[in-house]
Enquirer: 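What follows is a single structure, and I will ask about it in a moment.
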Amino acid sequence: MTANTIEKTPVTLLGLGAMGTALARTWLAAGHPLTVWNRTPASAEALAPEGAKVADTAAEAVAASTLVIVCLLDDASVETALDGVDLTGKDLVNLTTTTPAQARTRAAWAEERGARYLDGGIMAVPPMVGIPEAGGYVFYSGSRELFELHRESLAVPVNTTYVGEDAGFAALHDVALLSAMYGMFAGASHAFALIREEDIDPVAFAPLLGDWIRAMVGPGVDGTARRLASGDHDDTDSNLAMQVAGTPTFLATAEGQGVSPELVLPYFELMRRGLEANSAGQEATSLVDLLVRKG
Ligand code: FVH
C-alpha cells in the first residue's frame, strides 16, 4: 500500500460497463483501494494492472468494502447481481438509472437486508468523468447522514448534488433533466431536417441553433419556474394565442421542406389544448399543468 492509499476509503464497484469503468479509473487514480466485479470478467481484469482487486463473484466484491457502489444497466440487473448477496452492514450506493418507484423499492429492499442506501442519478457521460471542468455531477437522495459520511469518496469521479431524503428524488431529478434533453434533441433534429435538403451547411447552422437554444432555455426555465411558483401565467410578451396562430406556418414549412412534423406536433397539440382551456392570454408555462394527470 502506498502512502496515497492509506487514508482513502475502500470502495467496491459492481458493474464495469462504459460508465462503471470510467468511475473505477478515477477512484484508482485517487488512491482508493478498489475491488471490482463485472458479470463479464474481462472488463474487471482489464483494471487489474491499474491496481483494482478483481473479485470472482459479486458476493466476494461486496464483502471487501463497506462502501459498495453499483453501476449496472437497469434495476433488473441490480436485482440479479445482488441476489443472495449478504448486504449486512453495507453502505449501498446505487448509480444505476431507474425510475423513482424502483429507487424507493430498492431502498426498502436494501434496508431489509441490513444495508444503508443512497440512490444516485448520473448527470454525465463517461468522457466527463474525472474532469471537474466538464460540469458533470451525480444527484443523490436517501439518507443525508450516509451521503455526508461518503461525500468525499463519492465526489472523486464527478461532483455531487444531494436532493433529499426521499430515495426516489435522485432518479426523478435525473429523468426530469434527461427528458428535457430529449425534448431539446427532438427540436434540434427537426431544425436540422428542415435545412437538410437545402444549400445550407449544417456546420455553419449549428452555432446559430446552439446559441438560440441557450438564449431561450436559460431564461425560459427560470421564467417557467417563477410562474409555476406564483400561479401567475399572464403574459404579455409571447402569449399562447399568438403561438398557436403561428403553428400553421411551422407545419406548412415542414410540409414544404418534405419533413415529418412528428417531433413538434405533440407540443403544438398541447398548445391547442391550452387555448381551448382559455389560456389564450397566458404564457405557454400554463401548459405544464395540462400535462399533469390528477388523481
Ligand atoms: N454511459 C452513459 O452515457 C450513461 C450516462 C448517464 C448514466 N447512465 C447509466 O449508467 C448505468 C451504466 O451505464 P453504462 O454506460 O455503464 O452501461 P453499459 O456500458 O451498457 O454497461 C452495463 C453494465 O451492466 C452489466 N449488466 C447488464 N445486465 C446485467 C445483468 N443481468 N447482471 C449483471 N450485470 C449486468 C453489464 O455487464 P456485462 O454486459 O459487461 O457483463 C455492464 O457492466 C446505466 O443505468 C445507464 O443508464 C450511463
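All of these numbers come straight from a predicted model, not from anything done at the bench. All ligand and atom numbering here is 1-based and tracks the order in the structure. Here, residue 1 is the first one in the sequence, and each next residue gets the next number.
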Enquirer: Does an N or O anywhere in D74 fall below 3.5 Å from an N or O of ligand 1?
Expert: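 Not met; the criterion fails.
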
Enquirer: Check ligand 1 against L16 and write out every atom of the ligand that is under 4.0 Å from a heavy-atom position of the residue.
Expert: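 Every atom of ligand 1 under 4.0 Å from some heavy atom of L16: 43 (O).
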
Enquirer: Starting from atom 37 (O) of ligand 1, what is the nearest protein heavy atom, named by residue and atom, and what distance separates them?
Expert: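 Scanning the protein heavy atoms, the shortest distance from atom 37 (O) of ligand 1 goes to N38 OD1, 3.7 Å.
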
Enquirer: Is there a nitrogen or oxygen of C71 sitting under 3.5 Å from a nitrogen or oxygen of ligand 1?
Expert: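 Among all N and O atoms of C71, none is under 3.5 Å from an N or O of ligand 1.
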
Enquirer: Regarding ligand 1, does M19 bring an N or O atom to under 3.5 Å of one of the ligand's N or O atoms?
Expert: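 For ligand 1, there is an N or O atom that lies under 3.5 Å from one belonging to M19.
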
Enquirer: Is it true that, when you exclude R196 itself, more than 12 heavy atoms of the residues, nucleotides or ligands shown sit nearer than 6.0 Å to its CZ?
Expert: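 Not buried by this count: 12 neighbours or fewer within 6.0 Å.
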
Enquirer: Going from CZ on F192 to CD1 on I200, what distance comes out if it is rounded to the nearest 0.5 angstrom?
Expert: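 Answer rounded to 0.5 Å: 11.0 Å.
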
Enquirer: Only heavy atoms of G15, strictly under 4.0 Å: list the atoms of ligand 1 that pass.
Expert: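 With G15 as reference, the close atoms of ligand 1 come out as 43 (O).
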
Enquirer: Test your reading of the structure: does I122 have an N or O sitting under 3.5 Å from an N or O of ligand 1?
Expert: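 Not met; the criterion fails.
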
Enquirer: Would you say T96 has any N or O atom under 3.5 Å from an N or O of ligand 1, going by distance alone?
Expert: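 T96 vs ligand 1: no N/O contact under 3.5 Å.
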
Enquirer: Non-hydrogen atoms of A58 versus ligand 1: any pair closer than 4.0 Å?
Expert: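 A58 does not count as a contact of ligand 1 under the 4.0 Å cut-off.
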
Enquirer: Please list the nearest protein heavy atom to atom 31 (N) of ligand 1 with its residue and the distance rounded to 0.1 Å.
Expert: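 Sorting protein heavy atoms by distance from atom 31 (N) of ligand 1 puts R39 NH1, 3.5 Å first.
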
Enquirer: To the nearest 0.5 Å, how far apart are CG in L118 and CZ in R144?
Expert: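 With rounding to 0.5 Å, CG (L118) is 11.0 Å from CZ (R144).
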
Enquirer: Considering only the protein, which heavy-atom contact is closest to atom 21 (O) of ligand 1, and what is its distance?
Expert: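 Heavy-atom neighbour on the protein nearest atom 21 (O) of ligand 1: G17 CA, 3.3 Å.
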
Enquirer: Which residue, T96, D75, N94, forms the side chain to side chain donor-acceptor pair (under 3.5 Å) with R106?
Expert: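 The single option meeting the side chain to side chain donor-acceptor pair (under 3.5 Å) with R106 is D75.
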
Enquirer: Suppose we measure from atom 3 (O) of ligand 1 to each protein heavy atom; which comes out shortest, and what is that distance?
Expert: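 Looking only at protein heavy atoms, the one closest to atom 3 (O) of ligand 1 is P126 CD, 3.4 Å.
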
Enquirer: So which heavy atom in the protein is nearest atom 5 (C) of ligand 1, and how far is it from that ligand atom?
Expert: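 Result for atom 5 (C) of ligand 1: A124 O, 3.0 Å.
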
Enquirer: First locate atom CD of Q257, then atom CD of E198, and finally report the distance between them rounded to the nearest 0.5 Å.
Expert: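 One gets 4.5 Å once the value is rounded to the nearest 0.5 Å.
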
Enquirer: Which atoms of ligand 1 sit under 4.0 Å from any heavy atom of G20?
Expert: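 Once the distances to G20 are compared, the set is 16 (O).
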
Enquirer: Any side-chain heavy atom of P157 within less than 4.5 Å of one from W27?
Expert: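 Of all side-chain heavy-atom pairs linking W27 with P157, at least one is under 4.5 Å.
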
Enquirer: I need the W37 CH2 to L13 CG distance, nearest 0.5 Å.
Expert: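 Atom-to-atom, W37:CH2 and L13:CG are 11.0 Å apart.
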
Enquirer: Looking at non-hydrogen atoms alone, which of L72, T97, L73 comes nearest to atom 11 (C) of ligand 1?
Expert: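 Residue with the shortest heavy-atom distance to the ligand atom: L72.
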
Enquirer: Can you tell me how far apart CG (L240) and CZ (R273) are? Round to the nearest 0.5 Å.
Expert: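 Rounded to the nearest 0.5 Å, the CG-CZ separation comes to 12.0 Å.
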
Enquirer: Can you confirm whether L72 sits close enough to T80 that some side-chain heavy atom of one is under 4.5 Å from a side-chain heavy atom of the other?
Expert: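 No; the side chains remain at least 4.5 Å from each other.
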
Enquirer: To the nearest 0.5 Å, how far apart are CG in L263 and CZ in F268?
Expert: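 Answer rounded to 0.5 Å: 11.0 Å.
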
Enquirer: Do L275 and Q243 touch side chain to side chain, with heavy atoms closer than 4.5 Å?
Expert: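 The answer is no, as the side chains (C-beta and beyond) never meet within the 4.5 Å cut-off.
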
Enquirer: If we only count N/O pairs under 3.5 Å, is T40 in contact with ligand 1?
Expert: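 Indeed, backbone or side chain, T40 has an N or O that close.
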
Enquirer: Is there any N or O on A18 that sits under 3.5 Å from an N or O of ligand 1?
Expert: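 N/O-N/O distance below 3.5 Å exists for this pair.
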
